[in-house]
Each structure stands twice: as C-alpha cells, then as structure tokens.
Asks: 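Just passing along the structure, written as structure tokens.
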Amino acid sequence: MTFDRREFVTAAGAALTAGAAAAAPKPRSAAPNYRRIATEEAFAIPEQFEHLRGLVDTVEYDPDLFLGRFQLTREPLHRRLLDLDNERLKIMDENQVAMHLLSLTAPGVQQFDADTATGLATLANDRLAEAIGRHPTRFAGLASFAPQNPARAVREIDRAISRLKLNGLIVNSHTNGEYLSDPKYWPILEAAAALKAPIYIHPRAPSPGMAAPYREHHLEHGVWGYQAETGLHGVKLIVSGVFDRFPDLRIVLGHMGEGIPYWLYRFGHSHQVTQAFMDRPKLQLRADEYFKRNFYVTTSGVNWLPPLKFCLEVLGVDNVMWAIDYPYEQTPESVAWLNASALPPETLEKVFHRNAERVFRLRAA
Ligand code: MN
C-alpha cells in the first residue's frame with residue numbers, strides 16, 4: 001500500500017536529514033538559492049477532522065476515507081496537517097523553501113453534506129487568512145468552497161478572493177460523482193474567471209461511477225485512481241465547452257498534469273474525429289489547444305526529471321510550477337531533485353517561483 005511505502009520513505013528521509021544535520025551544521029547546498037514557492041501544500045483544521053471522524057465511524061466503504069483514517073491517526077501526518085506555525089516553518093527553513101501556497105487537505109469539504117461543507121469552507125478560509133496574516137512572507141493560500149451549494153459557493157469565493165485576499169481556489173475533483181463541467185456548477189467557474197482566481201483541481205479517489213475496477217487491488221489512490229479521476233475532470237472541462245464560455249478561466253493540475261500532457265496529441269486528434277459525429281456545439285479551438293491556453297501544471301508528488309522536461313517542452317516554461325505536496329511527500333527530496341536537474345537557471349527561476357508569483361498573484365520577494 002502506498003502509505004506504508006511513503007512512511008518508509010518518510011522514516012528514511014528523516015534519518016538521512018538527521019544524519020546530515022549532525023555531520024554538518026548547515027544543510028545548505030551549493031545550489032543557487034532560488035526563492036522556492038511550493039504550490040500544493042496541505043493543511044487541516046480541527047473542525048474538519050471532527051466531521052471526518054464522524055464519517056470514518058459510520059461509513060463502511062469510501063475510498064477517500066482510507067486517506068481520512070491516515071489523516072486522523074498517523075503521525076507525523078496528522079500533526080503536520082494541523083500545524084501552521086512551528087514544524088512546518090522549521091522544515092521549510094531547513095530546506096530553503098520560502099513559501100507554501102496552502103490548501104485545505106483533500107477531499108476538503110466535499111465529502112460532507114452541503115450545510116456542513118459550506119460552513120467548514122468559510123471557517124477554513126478564515127483560518128487560512130489568519131495564518132497568512134501571522135506569516136505573510138511564508139504563506140499564501142487557495143480558498144475552499146462547497147460545490148454542493150453552488151450559489152453559496154459563489155458568495156464564499158467572492159468573499160475569499162475579494163475580502164480575504166486569498167490567491168486562488170481549490171477543489172478536490174468530483175462532488176458526489178459530479179464534475180464542474182456540469183452546467184449547474186458554471187456559476188462557480190464564472191465567478192472564478194471574473195475574479196481571475198485560478199482553480200486548482202486536486203485529486204480525490206475516483207467517483208462512484210468509476211470506482212469499482214479500482215477496488216480489488218486497492219488502486220484508488222496515488223497508484224492510479226487519483227490521476228485517472230483528476231485527469232478525467234480536466235478533460236471533461238475542456239470538451240464541455242467551458243473555456244469557450246469563460247476564456248479567462250485558469251485551471252491548475254498537480255502531478256505533472258495528471259497524465260493529460262502525455263496524451264495531449266491523441267486527445268486533440270481523437271476529439272476532432274469523434275466531434276464530427278456528435279450532436280453538440282463544436283469547440284472553437286482544437287481540444288488540446290485549451291490545455292495549452294487555460295491550464296498550468298505543478299510537479300507535486302512527481303520528483304522526476306523526464307516528465308518535467310516533457311511538460312516544459314509541450315506546455316512551455318511559463319506553465320509549470322514546483323510543488324512538494326507537504327506533508328504527504330518529503331520536502332528534502334522534493335527540493336533536491338530539482339536542484340540537481342541542471343536545467344537552465346532562467347527555467348528553474350520560473351518553475352521555482354516566477355510562474356507561481358504570476359499565476360497566483362503573489363508578492364515578488
Ligand atoms: Mn496534494
């Protein structure tokens with residue numbers, strides 16, 4: 001199971017870090033000190049966990065609750081999700097990470113009923129704004145909202161961006177098996193586009209309609225299900241015509257684009273062929289062109305140079321941002337692989353911070 005391995009990696013990483021710290025007082029490497037802004041960094045609030053505990057105790061099978069049980073019980077994960085002032089900043093400092101772009105951990109408020117979810121989103125956004133207020137040079141944040149009630153979601157989005165000055169929005173893929181491509185959610189997309197707030201579509205386990213084949217070998221999570229679910233969400237947004245209606249809407253996908261960059265040629269080509277036989281409005285652009293125009297990707301959870309080079313070539317150096325996925329992934333590894341990449345300094349500057357500063361309207365250092 002992924003988490004056993006992950007915890008092994010955690011333990012190994014911690015041991016390595018401790019050893020290095022003992023041998024040499026400063027972990028600073030020879031790598032240039034880029035301003036490192038990590039763009040998919042999770043936190044939790046106690047009230048979210050209280051409601052999650054209620055689900056864990058009553059729901060028999062829900063692949064998202066597999067993650068939920070870890071969030072509630074496994075250390076250091078549980079502790080690190082709740083911390084916005086101590087260990088998180090220490091780990092950032094030790095690894096020369098300037099800033100976390102924070103977001104409420106998956107699946108956020110989307111597994112709760114509409115009223116609970118709407119209340120929790122508001123509370124989480126207030127807490128997030130407070131944490132940014134305490135550490136304005138170290139944190140920025142993406143606002144939560146509850147798609148379960150689109151009208152109230154629009155009001156919260158407006159409050160979070162206009163009043164709390166948060167830097168964008170986070171959604172954890174499907175909501176009760178529905179996707180933002182459904183016209184009932186278009187007011188949310190319209191608000192995001194009008195406020196110039198990018199929507200980060202973060203993974204959660206596959207929606208009920210596609211979950212069954214994933215269950216047998218426990219594939220619902222980072223093994224395969226997360227990227228299949230979230231990639232599907234991105235594709236559905238494109239083919240539904242959302243970006244013809246809201247051309248200014250910007251979407252961010254983690255994990256090197258959840259597979260879409262690799263399939264981009266086939267996606268665009270095949271859609272062009274099948275669209276000719278479909279009784280629905282034609283897209284103004286070829287499907288793959290929206291991905292290049294309206295999407296950004298981050299490196300979260302994929303500390304591997306080949307797909308990064310591929311994304312830089314296919315999407316361009318202005319459309320890829322660095323991320324750790326703290327505290328699920330380990331900060332030293334997430335920094336080290338990109339430091340060691342030998343990419344041109346101007347590319348690394350964009351991936352480590354300039355693109356994030358532009359996309360999320362962060363203050364330049
Ligand atoms: Mn994540």
Side-chain angles (χ1 to χ4, degrees), residues 37-41 99 101-103 108 125 140-145 147 150 153-154 156-158 160-162 164-173 179-183 185-203 230-261 264 267-268 283-300 311-312 314-323 350-351 353-364:
I37 299 176
T39 52
E40 189 199 300
E41 315 312 318
M99 181 177 270
L101 179 69
L102 297 165
S103 48
N125 292 339
L142 302 177
S144 292
F145 60 92
V154 166
E156 180 57 19
I157 287 168
D158 185 50
I161 303 298
S162 305
L164 300 181
K165 306 292 181 197
L166 295 179
N167 306 87
L169 307 166
I170 181 103
V171 70
N172 298 282
S173 202
Y179 295 80
L180 296 178
S181 50
D182 187 320
Y185 298 117
W186 285 24
I188 291 171
L189 305 179
E190 182 177 21
L195 292 161
K196 300 198 184 316
I199 304 178
Y200 202 123
I201 305 184
H202 186 278
T230 316
L232 176 71
H233 204 148
V235 162
K236 283 172 74 74
L237 283 177
I238 291 172
V239 301
S240 68
V242 154
F243 300 105
D244 288 336
R245 179 78 174 275
F246 310 114
D248 294 333
L249 179 64
R250 291 294 179 271
I251 302 293
V252 185
L253 294 177
H255 312 96
M256 298 287 186
E258 310 292 4
I260 297 176
L264 206 53
F267 169 56
L283 297 182
Q284 291 169 11
L285 305 177
R286 208 176 55 209
D288 56 303
E289 290 170 346
Y290 297 96
F291 195 76
K292 296 177 184 174
R293 190 188 72 179
N294 292 80
F295 285 69
Y296 307 102
V297 307
T298 82
T299 66
S300 60
C311 283
L312 289 168
V314 171
L315 307 175
V317 291
D318 294 323
N319 297 321
V320 184
M321 296 177 278
W322 179 66
K350 288 185 170 186
V351 174
H353 70 102
R354 287 201 198 287
N355 292 339
E357 288 164 357
R358 186 185 81 252
V359 171
F360 297 109
R361 291 187 286 178
L362 307 172
R363 254 175 302 179

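As a basis for the values below, the full set of heavy atoms in this structure was taken, side chains included, without hydrogen atoms, waters or symmetry mates.
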Asks: Backbone N or O of L264 within a donor-acceptor pair of the D288 side chain at under 3.5 Å?
Replies: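 Flag not set: sc D288 to bb L264 has no pair under 3.5 Å.
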Asks: For the residue pair Y200 and T298, confirm or rule out a side-chain donor-acceptor distance under 3.5 Å.
Replies: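 Present: a donor and an acceptor within the cut-off.
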Asks: Would M321 and K350 count as a side-chain contact (heavy atoms from CB on, under 4.5 Å) here? Give the steps.
Replies: CA-CA 7 Å; M321 296 177 278; K350 288 185 170 186; over 6 Å; no
Asks: For A197 and I161, work out which heavy atoms get closest and say how close.
Replies: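 Nearest heavy atoms, A197 then I161: CB-CD1, 3.8 Å.
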Asks: Sequence neighbours excluded, which residues qualify as ring pair (Phe, Tyr, Trp, His ring centres under 6.0 Å) partners of H202?
Replies: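 Per chain and number, H202 pairs via ring pair (Phe, Tyr, Trp, His ring centres under 6.0 Å) with no residue.
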Asks: Check step by step if side-chain contact (heavy atoms from CB on, under 4.5 Å) holds for V252 and I201.
Replies: CA-CA 6 Å; V252 185; I201 305 184; over 6 Å; no
Asks: Of all heavy-atom pairs between H353 and I37, which one has the smallest distance, and what is that distance?
Replies: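 Of all heavy-atom pairs spanning H353 and I37, the closest is CB-CD1, 3.7 Å.
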Asks: Begin with the C-alpha distance, continue with both residues' side-chain angles, and end with the deciding distance and a verdict on side-chain contact (heavy atoms from CB on, under 4.5 Å) for I251 and F291.
Replies: CA-CA 9 Å; I251 302 293; F291 195 76; over 6 Å; no
Asks: Which value, rounded to the nearest 0.5 Å, describes the distance between N294 atom CG and L285 atom CG?
Replies: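 Between N294 CG and L285 CG, I get 8.5 Å after rounding to 0.5 Å.
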Asks: Which pair of non-hydrogen atoms, one from A38 and one from E41, has the smallest distance, and what is that distance?
Replies: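 Nearest heavy atoms, A38 then E41: CB-OE2, 3.1 Å.
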Asks: Which atoms form the tightest heavy-atom contact between G231 and I260, and what is the distance?
Replies: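 That would be O-CD1, 3.5 Å.
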Asks: Identify each donor-acceptor pair in which a side-chain atom of residues 186-193 lies under 3.5 Å from a protein atom, sequence neighbours left out, and give them as a table.
Replies:
residue	atom	partner	partner atom	Å
W186	NE1	S181	O	2.9

Asks: Checking the side chain of E289 only, and the main-chain atoms of R286 only, is there a donor and an acceptor separated by less than 3.5 Å?
Replies: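 A pair under 3.5 Å: yes.
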Asks: Once rounded to the nearest 0.5 Å, what's the spacing between atom OH of Y185 and atom CG of L237?
Replies: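 Between Y185 OH and L237 CG, I get 12.5 Å after rounding to 0.5 Å.
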Asks: Answer yes or no: is there a side-chain heavy-atom contact under 4.5 Å between N125 and L166?
Replies: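 Sidechains of L166 and N125: in contact.
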Asks: So which heavy atom on A160 is nearest to which on A143, and how close?
Replies: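 The answer is CB-CB, 3.4 Å.
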Asks: Nearest 0.5 Å please: distance from the CD atom of E357 over to the CG atom of N167.
Replies: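 Between atom CD of E357 and atom CG of N167 there are 11.5 Å.
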Asks: Is P247 close to R293 at the side-chain level, that is, under 4.5 Å between some pair of heavy atoms?
Replies: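 With C-beta onward as the side chain, the pair touches.
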Asks: K292 versus N319: any side-chain heavy-atom pair under 4.5 Å?
Replies: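 No, every pair of side-chain atoms sits at 4.5 Å or beyond.
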Asks: Where do Y179 and S173 land on the side chain to side chain donor-acceptor pair (under 3.5 Å) test, with the steps shown first?
Replies: CA-CA 7 Å; Y179 295 80; S173 202; 5.3 Å; no
Asks: Contact between L249 and V242 at the side-chain level, heavy atoms closer than 4.5 Å - yes or no?
Replies: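 With C-beta onward as the side chain, the pair touches.
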Asks: Output every pair passing side chain to side chain donor-acceptor pair (under 3.5 Å) with a member in residues 237-251, not counting sequence neighbours, ordered by first then second residue.
Replies: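 Listed once each, the pairs are D244-Y290.
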Asks: Should F295 and F243 be marked as a ring-ring contact (aromatic ring centres under 6.0 Å, His included) after you check the CA-CA gap, both sets of side-chain angles, and the distance that decides it?
Replies: CA-CA 10 Å; F295 285 69; F243 300 105; 5.4 Å; yes
Asks: Looking at V297 and M256, what are the two nearest heavy atoms and their distance?
Replies: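 Heavy atoms of V297 and M256 come nearest at CB-C, 4.1 Å.
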Asks: Closer than 3.5 angstrom, by distance alone: can the side chain of R361 be matched with the main-chain N or O of G168 as a donor-acceptor pair?
Replies: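 Flag not set: sc R361 to bb G168 has no pair under 3.5 Å.
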Asks: Would you give the length of the straight line joining atom CD1 of I170 to atom CG of N172, rounded to the nearest 0.5 angstrom?
Replies: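 Output value for this atom pair is 5.5 Å.
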Asks: State the OH-CZ distance between Y296 and R358, to the nearest 0.5 angstrom.
Replies: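 Y296 atom OH to R358 atom CZ measures 5.5 Å (nearest 0.5 Å).
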Asks: CD1/I199 to CG/L169 distance, rounded to the nearest 0.5 angstrom?
Replies: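 If I round to the nearest 0.5 Å, the distance is 5.5 Å.
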Asks: W322 versus S300: any side-chain heavy-atom pair under 4.5 Å?
Replies: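 Result no, sub-4.5 Å side-chain heavy-atom pair not found.
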